[in-house]
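Working notes, beginning with the structure itself.
In what follows, every chain begins at residue 1, and chains take the letters A, B, ... in the order their sequences are listed.
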Amino acid sequence: MSDIRAIRGMNDILPRDIAYWQYLEKAVAAVLAGYGYSEIRLPIVEQTALFERSIGEVTDIVEKEMYTFADRNGDSLTLRPEGTAGCVRAAIQQGLLGSPQKLWYTGPMFRHERPQKGRQRQFHQVGVEALGIATPDMDAELILVCARLWRQLGLEDAVTLELNSIGSSAARRAFRESLVEYLRAREDALDEDSQRRLHSNPLRILDSKNAQTQALLDGAPSLEEFLDEEAREDFATLCSLLDAAGVAYRINRRLVRGLDYYNKTVFEWVTDALGAQGTVCAGGRYDGLVAQLGGRDTPAVGFAMGLERLVLLLQQFQPDLAPPGADVYVVALGDAAQRQALVSTEALRTRRAGLRIHAHSGGGSFKSQMKKADKSGAALALVWGDDEAASDTVTVKPLRGQGEQVTLALSELDTALDGLL
RNA sequence: GUGGCCGUAGCUCAUCAGGUAGAGCACCGGAUUGUGGCUCCGGAGGUGGGGGGUUCGAGACCCCUCGGCCACCCCA
């Protein structure tokens, strides 16, 4: 084994998995096109300050998970840990915000975490952002996009929607104080992690996995009580729109997000089929972010999907996606035959674009070439030997099911293929 | 960053109370010489993750290190 290896947590995606990725990517592009979203392509590297100012300086992502390095001139750069910040930056910088924008993007993201199932250091997201719309019909549409995609992918039974409103930053500040006050009085009963979060990020205690902590929270003040009238109304509107559209959801008053820029609506699509990393898609409103990054005050909502996690779900729920294969395998033995096969196969590819023709290379006996033909999954083998080369013919051999091989004139090949493919 | 389990042929694993490694699958070749799938025969393939230690002797025991999986944490 070579001593040069892939970086930990940065995985190769192999041919055997590509069918799932392409299936997913195609479905995503088609669904988003159906809602009028435009793709935008963004850099993988940005100024470090972009992420510090958007995600939040005291979040784990910024504090200990970013791949940050100095450029040759000393500037601090960072491999993007998520896509929203860069998308907003581009919208501001490129002057896109004169009118509302519905954007999506995809690509690798980087976070230095300990790898485990559904979590790697280089991973892929599709992000969808709607900039410039403040009303909850926008939130509803984004959720409908997700729901349609799950249906498209055959994953509608694999995921469920959790929904909450976390209100304005003022409401959260008031709630945070109240929550901290409540928990501080009971600090000894908190698990170790939550005690730490009490000082760093108290809201995250709400979705602690610790049972005792959760029990303690039953008596705690509720975020809902602190919501202002607008947040309440918008949330009610969103729920009624989802009801009307027939989208099922569960209101989870303890759902909070790990990135600082969210407000009002937050949601998560979760599954119990992936072990500990159950969130497959998540997002929410971030009305303050554009202004925070220097743009004109612009409301926004968005979400991101984790593609590795979705591929894992697809492999579980759609195990029969066909691996890439060939339709026709070309076998040739002998100099004249190989020449004839090459020319005829090229001509066939010109006439039949889309037909997947795997031409054998590397020599070998007819026997060994036929073995390869069989393993390729091709439905037919086209065989050229000395006889065919001398008589301008080709032998067509069906490899699946019944059917005898026939040798016919090259001019008859197309009609023969019509009958066999 | 923390913890548990694990690291033997390309893959899945076995062996061994420590004496210099095996199987299945995959791969290559053959079964009267221009043909696959089934069967049979044969072959190639491992410095046993890497380093150090204990021992007359270690893949097997100890330490370190790298890596993998899962969980915590975090989050998509």
Side-chain angles (χ1 to χ4, degrees), chain A residues 1-9 11 16 55 59-66 80-84 106-128 146 159 191-194 196-197 200-201 204 207-210 255-259 267-271 274-284 302-313 329 331-334 337 360 362 364-389 395-401 404-405 407:
Chain A
M1 174 126 14
S2 167
D3 54 346
I4 297 184
R5 315 172 41 87
I7 305 303
R8 185 157 152 82
N11 300 331
R16 62 167 174 262
I55 296 170
T59 57
D60 279 13
I61 294 179
V62 169
E63 280 184 330
K64 46 198 186 198
E65 295 177 2
M66 294 204 305
R80 62 182 182 194
E82 59 105 39
T84 300
T106 185
M109 309 291 165
F110 302 85
R111 267 126 84 161
H112 190 105
E113 302 181 275
R114 189 86 170 258
Q116 69 183 68
K117 186 173 186 179
R119 188 172 84 181
Q120 40 280 118
R121 291 180 175 180
Q122 175 177 331
F123 61 104
H124 298 78
Q125 287 187 338
V126 165
V128 180
C146 296
V159 296
D191 62 276
E192 200 179 323
D193 286 318
S194 293
R196 177 176 51 75
R197 279 179 286 211
S200 60
N201 198 345
R204 305 260 0 161
D207 55 18
S208 167
K209 289 179 184 171
N210 185 284
L255 177 64
V256 291
R257 314 277 23 261
L259 289 70
F267 64 92
E268 271 186 27
W269 291 90
V270 298
T271 177
L274 293 183
Q277 307 302 321
T279 302
V280 122
C281 173
F303 66 83
M305 303 182 286
L307 300 190
E308 279 80 1
R309 292 179 187 179
L310 287 170
V311 165
L312 287 173
L313 280 184
Y329 196 98
V331 167
L333 186 58
H360 181 84
S365 63
F366 276 113
K367 187 190 181 86
S368 66
Q369 292 193 40
M370 287 307 299
K371 282 190 174 181
K372 299 260 173 58
D374 183 53
K375 294 217 170 77
S376 76
L380 291 179
L382 298 184
V383 182
W384 273 275
D386 292 339
D387 298 348
E388 287 85 352
T395 296
V396 180
K397 175 173 176 121
L399 296 173
R400 315 291 151 201
E404 290 298 303
Q405 70 179 48
T407 299

Rounded interatomic separation in angstrom, taking [atom1] from [X] and [atom2] from [N]:
| X | N | atom1 | atom2 | value |
| --- | --- | --- | --- | --- |
| Gln116(A) | rU2(B) | CD | P | 15 Å |
| Arg8(A) | rC69(B) | CZ | P | 8 Å |
| Leu274(A) | rC75(B) | CG | P | 18 Å |
| Asp387(A) | rG34(B) | CG | P | 10 Å |
| Gln277(A) | rC72(B) | CD | P | 7 Å |
| Asn210(A) | rA71(B) | CG | C1' | 14 Å |
| Leu333(A) | rG36(B) | CG | C1' | 15 Å |

[atom1] atoms of [N] and [M], separation to the nearest Å:
| N | M | atom1 | answer |
| --- | --- | --- | --- |
| rG1(B) | rA60(B) | C1' | 33 Å |
| rG43(B) | rU47(B) | C1' | 22 Å |
| rA44(B) | rG30(B) | P | 16 Å |
| rC41(B) | rG4(B) | P | 48 Å |
| rG68(B) | rU32(B) | P | 50 Å |
| rC11(B) | rG45(B) | C1' | 13 Å |

Report all interatomic pairs (protein N or O, nucleotide N or O of nucleotides 38-40 of chain B) with separations under 3.5 Å.
none

Legend entry - Arg196(A): salt bridge (Lys or Arg N to Asp or Glu O under 4.0 Å) partners, not counting sequence neighbours: Asp193(A)
Inset, instruction - Would you classify Glu82(A) as touching base, sugar-phosphate or nothing, given that sugar-phosphate means primed atoms plus P, OP1 and OP2, and contacts are heavy atoms under 4.0 Å? - result: nothing
Legend entry - Sugar-phosphate, base or nothing in reach of Gly275(A), heavy atoms under 4.0 Å: sugar-phosphate
Legend entry - Heavy-atom closest pair, residues Pro81(A) and Phe123(A): O-CZ, 4.0 Å
Restricting both atoms to N or O, compile the protein contacts to nucleotides 3-7 of chain B shorter than 3.5 Å, with distance only.
| residue | atom | partner | partner atom | Å |
| --- | --- | --- | --- | --- |
| rG3(B) | O6 | Arg114(A) | NH2 | 3.4 |

Provide a list of protein-nucleic acid N or O atom pairs under 3.5 angstrom, restricted to nucleotides 26-28 of chain B.
| residue | atom | partner | partner atom | Å |
| --- | --- | --- | --- | --- |
| rC27(B) | OP1 | Lys375(A) | NZ | 2.9 |

Inset, instruction - Using the criterion of both pairing distances under 3.5 Å for Watson-Crick and G-U wobble pairs, give all stems of 3 or more consecutive pairs involving RNA chain B. - result: B:1-7 with B:66-72, B:10-13 with B:22-25, B:27-31 with B:39-43, B:49-53 with B:61-65
Short heteroatom pairs, N/O only, protein and nucleotides 42-46 of chain B, under 3.5 Å:
none

